[in-house]
Amino acid sequence: MTELESKIVNYLQNHSSSEKRIYSAQLEEAFKTSGIQVRNAIKGLRRAGEPIANSDSGYIYATTRADISSTVNDLKRRAVSMLTTASAL
């Protein structure tokens, strides 16, 4: 786990909930980093098994299966869309 990943997972564990989601811009400001670095850290955390859920209203450290299911479905939709685009090229 990178230093940024560690900071982000700790921040989400302590400052987020289903009712209080954290926007990428908040993480960027808190850790003086870019949006791409935040997204890469979130990707790394998820690949390490951390239950980071997302929605249009931000990120949370998920505590329910519903939050994770929604994120998994969103990731699958994005993957299918990317494959459709790649197939058209």
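The first residue in the sequence is number 1, and the count goes up from there.
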Pairs satisfying salt bridge (Lys or Arg N to Asp or Glu O under 4.0 Å), at least one member in residues 6-25, at least two apart: Glu3-Lys7, Arg21-Asp67
Under 3.5 Å donor-acceptor pairs involving side-chain atoms of residues 43-52, not counting sequence neighbours:
residue : atom : partner : partner atom : Å
Arg46   : NE   : Ile52   : O            : 2.9
Arg46   : NH2  : Ile52   : O            : 3.3
Arg46   : NH2  : Asn54   : OD1          : 2.8
Glu50   : OE1  : Tyr61   : OH           : 2.7

[atom2] on [Y] to [atom1] on [X], rounded to 0.5 Å:
X     : Y     : atom1 : atom2 : answer
Leu4  : Lys32 : CG    : NZ    : 13.0 Å
Lys76 : Thr71 : NZ    : OG1   : 12.0 Å
Ile36 : Asn40 : CD1   : CG    : 4.5 Å
Ser55 : Asp74 : OG    : CG    : 9.0 Å
Ser34 : Leu27 : OG    : CG    : 11.5 Å
Ile22 : Tyr11 : CD1   : OH    : 5.0 Å

Ala53 versus Ala62, closest heavy-atom pair with distance: CB-CB, 3.9 Å
Same cluster (ILVMFWY, side-chain, under 4.5 Å), Ile60 and Val9: no
Same apolar cluster: Leu12 and Ile68, side chain cutoff 4.5 Å: no
Aromatic centroids of Tyr23 and Tyr59 separated by under 6.0 Å: no
Side-chain donor or acceptor of Ser70 paired with backbone N/O of Ala66 under 3.5 Å: no
Side-chain polar contacts of residues 79-89 - donor-acceptor pairs under 3.5 angstrom, sequence neighbours left out - could you list them?
residue : atom : partner : partner atom : Å
Thr84   : OG1  : Val80   : O            : 2.9
Thr85   : OG1  : Ser81   : O            : 3.1
Ser87   : OG   : Leu83   : O            : 2.9

